[in-house]
Amino acid sequence: MKILLLNGTIVGKKTRTLLDEIDKYIQMLPESHETKIIDLENYELQFVDGRPIDEYNEDMQQLIKEVENANAYVIASPIFQGSIPGTLKNVFDAVSPLAMRYKPVSIVANGGTLQHHLVIENQLKPILNYFRCMVTPNYVYTHTNHFSTQGELIDEDVRNRLQEMIKVFNQYMQMSQEIELDK
């Protein structure tokens with residue numbers, strides 16, 4: 001399967017650190033999967049405004065194509081001002097809802113306080129439910145204390161929860177392959 005690991009921000013390093021850790025755990029699964037980490041900071045993003053996809057710049061067209069062609073996703077998001085970043089929402093606005101239908105998704109997020117985990121529940125999950133994604137129930141939320149001052153993951157419990165999340169994600173990937181859709 002083609003698994004897209006989407007870093008939903010253009011600043012900071014913690015969500016990328018989490019995706020690097022997750023990528024290691026995916027590589028340890030019994031099945032072989034192709035993973036790709038997408039860092040939005042590497043794209044010249046444009047605001048999505050409803051125009052046809054071919055009217056966006058090359059980077060936006062490539063990003064949309066990569067998201068739509070993936071078979072499964074791990075979405076990493078920082079929490080800014082009690083919300084997901086506009087860059088991540090912009091990507092969701094660009095993608096056809098049909099492209100993500102019944103594809104597995106796991107969520108990791110990082111915020112400055114423990115309470116910001118609620119953003120996953122009241123913003124990310126509703127968007128992914130609109131897309132009819134198969135969202136794993138065990139997302140992983142981290143906060144500043146789980147990282148060193150250099151942005152390295154230092155919490156063993158977080159590592160254990162990430163490994164468990166990937167085990168469930170793997171089961172969801174297997175389930176998604178059994179779903180036959182008329183296209």
Side-chain angles (χ1 to χ4, degrees), residues 1-41 67 70-85 87-88 91-92 100 102-129 131-179:
M1 292 192 97
K2 289 169 58 174
I3 304 170
L4 189 72
L5 307 173
L6 180 61
N7 185 358
T9 185
I10 58 172
V11 297
K13 300 292 178 221
K14 292 176 186 152
T15 52
R16 175 56 192 251
T17 297
L18 292 169
L19 288 177
D20 288 337
E21 193 79 12
I22 288 166
D23 194 24
K24 288 190 301 192
Y25 300 139
I26 291 172
Q27 300 311 320
M28 295 184 332
L29 291 172
E31 304 84 9
S32 178
H33 299 286
E34 175 188 337
T35 60
K36 180 168 186 174
I37 296 179
I38 296 279
D39 286 307
L40 294 181
E41 68 186 30
V67 171
N71 302 111
Y73 311 88
V74 176
I75 296 172
S77 178
I79 307 302
F80 296 142
Q81 306 294 340
S83 182
I84 64 172
T87 52
L88 180 57
V91 171
F92 290 136
M100 294 179 72
Y102 305 121
K103 293 182 181 177
V105 178
S106 278
I107 301 168
V108 293
N110 180 67
T113 72
L114 292 173
Q115 293 78 11
H116 280 139
H117 76 92
L118 294 172
V119 171
I120 295 169
E121 294 291 342
N122 67 32
Q123 290 182 20
L124 268 174
K125 280 187 172 183
I127 291 168
L128 296 169
N129 286 335
F131 283 108
R132 296 186 185 168
C133 296
M134 297 171 59
V135 181
T136 61
N138 58 335
Y139 60 82
V140 175
Y141 177 78
T142 63
H143 61 85
T144 307
N145 294 343
H146 294 132
F147 297 87
S148 70
T149 55
Q150 293 77 35
E152 300 162 329
L153 183 61
I154 57 172
D155 191 280
E156 208 52 43
D157 180 57
V158 170
R159 283 191 179 91
N160 292 335
R161 289 186 288 132
L162 290 172
Q163 287 176 340
E164 182 178 308
M165 182 187 78
I166 292 306
K167 287 178 185 175
V168 174
F169 182 64
N170 190 44
Q171 292 295 312
Y172 273 55
M173 287 191 293
Q174 291 172 23
M175 283 190 311
S176 74
Q177 290 179 322
E178 297 172 11
I179 298 174

Distance, nearest 0.5 Å, that separates CG of D20 from CD1 of I37: 4.5 Å

Smallest heavy-atom separation, N71 atom then M1 atom, equals CB-CE, 3.5 Å

Sorted by chain and number, sequence neighbours left out, ring-ring contact (aromatic ring centres under 6.0 Å, His included) with H146 holds for H143

Nearest heavy-atom pair of I79 and G111: which atoms, and what distance? CB-CA, 4.2 Å

Heavy-atom pair with the smallest gap, counting every atom of Y102 and M134: O-SD, 3.2 Å

Scanning both residues in full, the closest heavy-atom pair of P137 with Y172 reads CD-OH, 3.3 Å

Could you give the distance from SG (C133) to NZ (K103), rounded to the nearest 0.5 Å? 8.5 Å

Does some side-chain heavy atom of H33 sit less than 4.5 Å from a side-chain heavy atom of K2? no

Minimum side-chain heavy-atom gap I38-L5 below 4.5 Å: no

Working to the nearest 0.5 angstrom, can you tell me the gap between D23 CG and R16 CZ? 8.5 Å

Rounding to 0.5 Å, atoms CZ (F147) and CG (D155) come to a distance of 9.0 Å

Please list all pairs passing the side-chain hydrogen bond (donor to acceptor under 3.5 Å, both in side chains) test where one or both residues lie in residues 72-85, with sequence neighbours left out. S83-Q123

Has T142 got a side-chain atom pairing as donor or acceptor with A109's backbone, closer than 3.5 angstrom? yes

Where the side chain of T17 meets the backbone of G151, is there a donor-acceptor pair that is under 3.5 Å apart? yes

Decide, yes or no, whether a salt bridge links D157 with R161 under the criterion of side-chain N to carboxylate O below 4.0 Å. yes

Could you give the side-chain donor-acceptor pairs of residues 163-171 under 3.5 Å, partners two or more places apart or in another chain?
residue : atom : partner : partner atom : Å
N170    : ND2  : E31     : OE1          : 3.2

If the condition is ring-ring contact (aromatic ring centres under 6.0 Å, His included), which residues does H116 pass it with, not counting sequence neighbours? none

State the OG1-CG distance between T87 and L40, to the nearest 0.5 angstrom. 5.0 Å

Is any side-chain heavy atom of I127 less than 4.5 Å from a side-chain heavy atom of I84? yes

When rounded to the nearest 0.5 angstrom, what distance separates CG in L29 from CD1 in I3? 7.0 Å

F131 vs F92 aromatic rings, parallel, tilted or perpendicular, using cut-offs 30° and 60°? tilted

V105 and its side-chain contact (heavy atoms from CB on, under 4.5 Å) partner, picked from I75, T136, L124: I75

Checking L6 against L88 for the side chain to side chain contact (heavy atoms under 4.5 Å, CB included) test, could you report, in this order, the C-alpha distance in whole Å, the side-chain angles of both residues, the deciding distance, and whether it holds? CA-CA 9 Å; L6 180 61; L88 180 57; 3.8 Å; yes

Taking C-beta and beyond as the side chain, do L18 and V74 meet within less than 4.5 Å on heavy atoms? no

Close side-chain approach of Q27 to T35, heavy-atom, < 4.5 Å: yes

Using side-chain heavy atoms (C-beta onward) and a distance below 4.5 Å, is M100 in contact with L128? yes

Between V158 and L153, is there a side-chain heavy-atom distance shorter than 4.5 Å? yes

Compute whether any side-chain donor of one residue and acceptor of the other, for N110 and T15, lie under 3.5 angstrom apart. no

Tell me, please, which residues at least two apart from Y25 pass side-chain hydrogen bond (donor to acceptor under 3.5 Å, both in side chains). E21

The side chain to side chain contact (heavy atoms under 4.5 Å, CB included) partners of I154 (sequence neighbours excluded) come to S148

